[in-house]
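Order of the sequence lines fixes the chain letters, A, B, ..., with proteins taken first and strands second; residue numbering starts at 1 for each chain.
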Amino acid sequence: MGAMTTTRGRLQVALQAAFDRLAPGADPVLRPSEHADLQSNGALALARTLGRSPRDLATEVAAAPELAGWCRAEVSGPGFVNLHLADHFLTGQLDRLSGDPRLGVPAAAEPATYVVDYSAPNVAKEMHVGHLRTTIIGDALCRMLAFAGHDVRRENHLGDWGTPFGMLIEHLLEIGEQEAVEELSVGDLDTFYRQARASFEARADFREASRRRVVLLQQGDEETRRLWSVLVAESLAYFDDVYTRLGVLLTDDDVVGESFYNDALAGVVADLDAAGLLVESDGARCVFPPGFAGRDGEPLPLIVQKSDGGYTYATTDLAALRDRVDRHHADRILYVVGAPQHQHLEMCFAVARSAGWLPASVEATHVAFGSVLGADHKMFKTRSGDTVKLVTLLDEAVARARLALGERAAHLDEADRHALAGTVGIGALKYADLSTDRTRDYVFDFDRMLAFEGNTGPYLQYAHARICSLLRRAHTDAGARPGALQVATPEEHHLALALLAFPEALDGALGDAAPHRLCQHLYELAGAFTTFYERCPVLRADDPATRDSRLRLAELTGAVLACGLGLLGIGAPERM
RNA sequence: GCCCCCGUAGCUCAGUCGGAUAGAGCAGCUGCCUUCUAAGCAGACGGUCGCAGGUUCGAGUCCUGCCGGGGGCGCCA
């Protein structure tokens with residue numbers, strides 16, 4: 001299936017033919033419309049260059065034979081062409097959709113290999129709100145890209161290396177391995193880390209031991225490495241538990257931690273040196289990519305080796321970038337990382353380009369996102385000022401969902417009720433994160449995200465559940481026949497348009513890694529359905545043909561909603 | 001001091017390559033359940049798109065300056 005099979009694609013081709021006759025290659029400027037199904041604004045732009053009246057041009061476009069029979073076009077205002085798709089055309093398009101597991105989404109014309117870097121928690125440190133957005137957004141992008149037909153390599157750049165590990169291992173030894181494993185396995189990473197930190201700050205002997213331990217770790221001392229791997233394994237088990245509860249795709253197979261690049265770091269520095277990019281400054285070895293300035297307008301360095309000989313996260317990031325191009329043959333690399341890291345990542349990209357590690361054919365993109373804010377519009381913190389544990393957030397979302405479900409779920413048994421609360425609570429949490437422009441900070445509000453009104457997860461899930469209920473009744477009541485589709489009423493027309501716009505909504509969301517565009521579309525689809533549902537009787541339709549057709553419309557809507565929610569990593573319950 | 005992001009209705013947010021009267025939801029107001037899940041639907045109300053210039057037939061959108069909020073800026077990661 002190519003682009004021509006999408007409804008908008010068909011229109012684009014027809015209009016292009018009309019515009020080519022006016023001026024070869026002229027853009028029809030096909031856009032959504034409030035006054036029609038779609039509109040073409042191309043005549044307005046063309047009028048100046050051709051020195052003709054925009055209305056004349058629009059009139060010629062509207063008369064295009066390519067549109068005849070399936071699309072009514074009328075000139076409006078200063079030179080808009082309003083386009084109304086014929087119901088029989090929509091019917092035909094929907095017919096092709098209903099047997100299609102891809103729901104009209106064409107397989108990517110140019111499948112690419114994507115490396116998606118996201119989540120990246122730190123070993124022996126609690127996952128907190130800071131990991132919420134990267135994990136949720138990254139997961140949704142992976143699902144959407146894979147569905148669109150791309151090869152997706154998930155990478156969890158685990159923080160499993162660095163100077164803190166001397167301290168963490170010493171702490172593990174002090175409290176005893178048994179006790180440490182117990183603490184970490186129940187997910188009490190905070191206590192573990194904090195106690196280690198406290199000992200480090202309070203005691204000189206502990207600091208000294210920690211420093212020695214870091215050296216041992218880096219030298220590959222066997223026992224030290226074993227202790228380190230205990231920390232990593234126990235933390236990973238905990239993270240996996242959180243990922244399972246969150247419902248994201250990440251597994252241990254996706255972990256490519258910082259330690260993975262240890263052996264490559266010296267090579268990174270040596271190769272930068274060989275390329276003549278290294279500059280020594282105050283004892284540190286740096287690269288100064290052009291175009292980056294710090295305080296006082298001084299050139300800004302990317303430090304790849306500290307004056308004490310140690311490497312930095314910049315070195316690791318460069319090694320990872322290199323690896324992703326060489327080993328994965330990535331065409332595009334997405335970094336789902338908070339906005340404050342923007343300059344750092346851009347510098348890494350610039351250095352990698354200069355060094356020839358990131359060829360022009362490979363695109364590296366910072367998929368930046370804003371901070372999570374509390375109701376006071378300040379960084380989301382607990383009342384005591386601590387960072388909020390991610391699991392606390394998940395617990396509360398589920399508990400609140402259960403409360404909100406209330407008597408609705410009374411008929412379910414305990415296991416089902418528990419599962420439903422999980423799907424609704426976690427879905428609400430994720431949808432709230434995904435449904436606004438990721439670059440903005442967002443205000444975290446349980447009450448709003450769990451509301452059943454408005455652009456929320458529960459609203460979409462509810463729309464889906466109603467459809468399932470309708471279909472269940474249809475089967476028990478009379479047995480649905482696979483009748484012919486018909487689009488007749490304005491509500492059916494509107495719903496059909498929304499159903500057929502799913503592919504381009506996904507395409508738009510993937511275009512700039514913006515899941516909220518898909519959310520927006522699903523919300524509009526659910527709205528179109530509920531209006532249809534209110535005004536067009538389905539089971540009580542006047543005649544069997546209408547009933548069967550409307551059942552098929554409902555079925556399609558349910559399929560698209562479930563698919564769309566699935567691409568966001570959100571479940572679509574059949575009852576709620 | 002330099003750089004990045006943000007500023008749209010009382011609140012939370014959409015607004016795609018510059019197009020018609022700037023759209024939703026919430027809150028408040030008016031209707032609609034003997035009928036497929038009312039956790040819903042329909043309607044009215046609500047705006048100097050931070051401010052001031054500029055480009056354009058046309059600016060929430062592009063450019064410049066300013067104001068306000070957040071963030072970053074050499075050896076933590």
Taking any heavy-atom pair under 4.0 Å as a contact, classify [X]: base, sugar-phosphate, or nothing.
{"X": "A:A45", "result": "base"}
{"X": "A:V538", "result": "base"}
{"X": "A:H377", "result": "sugar-phosphate"}
{"X": "A:S435", "result": "nothing"}

Looking only at side-chain N and O atoms, does A:K125 come under 4.0 Å of OP1 or OP2 in B:C76?
no
Given B:C36, is OP1 or OP2 found less than 4.0 Å from the side-chain N or O atoms of A:R547?
no
Below 4.0 angstrom, N of the basic side chain to O of the carboxylate: do A:D56 and A:R52 qualify?
no
May I have the distance from [X] (atom [atom1]) to [N] (atom [atom2]), rounded to whole angstrom?
{"X": "A:L30", "N": "B:A20", "atom1": "CG", "atom2": "P", "value": "15 Å"}
{"X": "A:R466", "N": "B:C36", "atom1": "CZ", "atom2": "P", "value": "11 Å"}
{"X": "A:H366", "N": "B:G72", "atom1": "NE2", "atom2": "P", "value": "13 Å"}
{"X": "A:D27", "N": "B:G18", "atom1": "CG", "atom2": "P", "value": "11 Å"}
{"X": "A:L302", "N": "B:C76", "atom1": "CG", "atom2": "C1'", "value": "14 Å"}

With the side chain defined as heavy atoms from C-beta on, A:R575 is closest, among B:G40, B:U37, B:A24, to B:U37
With the side chain defined as heavy atoms from C-beta on, A:H516 is closest, among B:C41, B:G15, B:C6, to B:G15
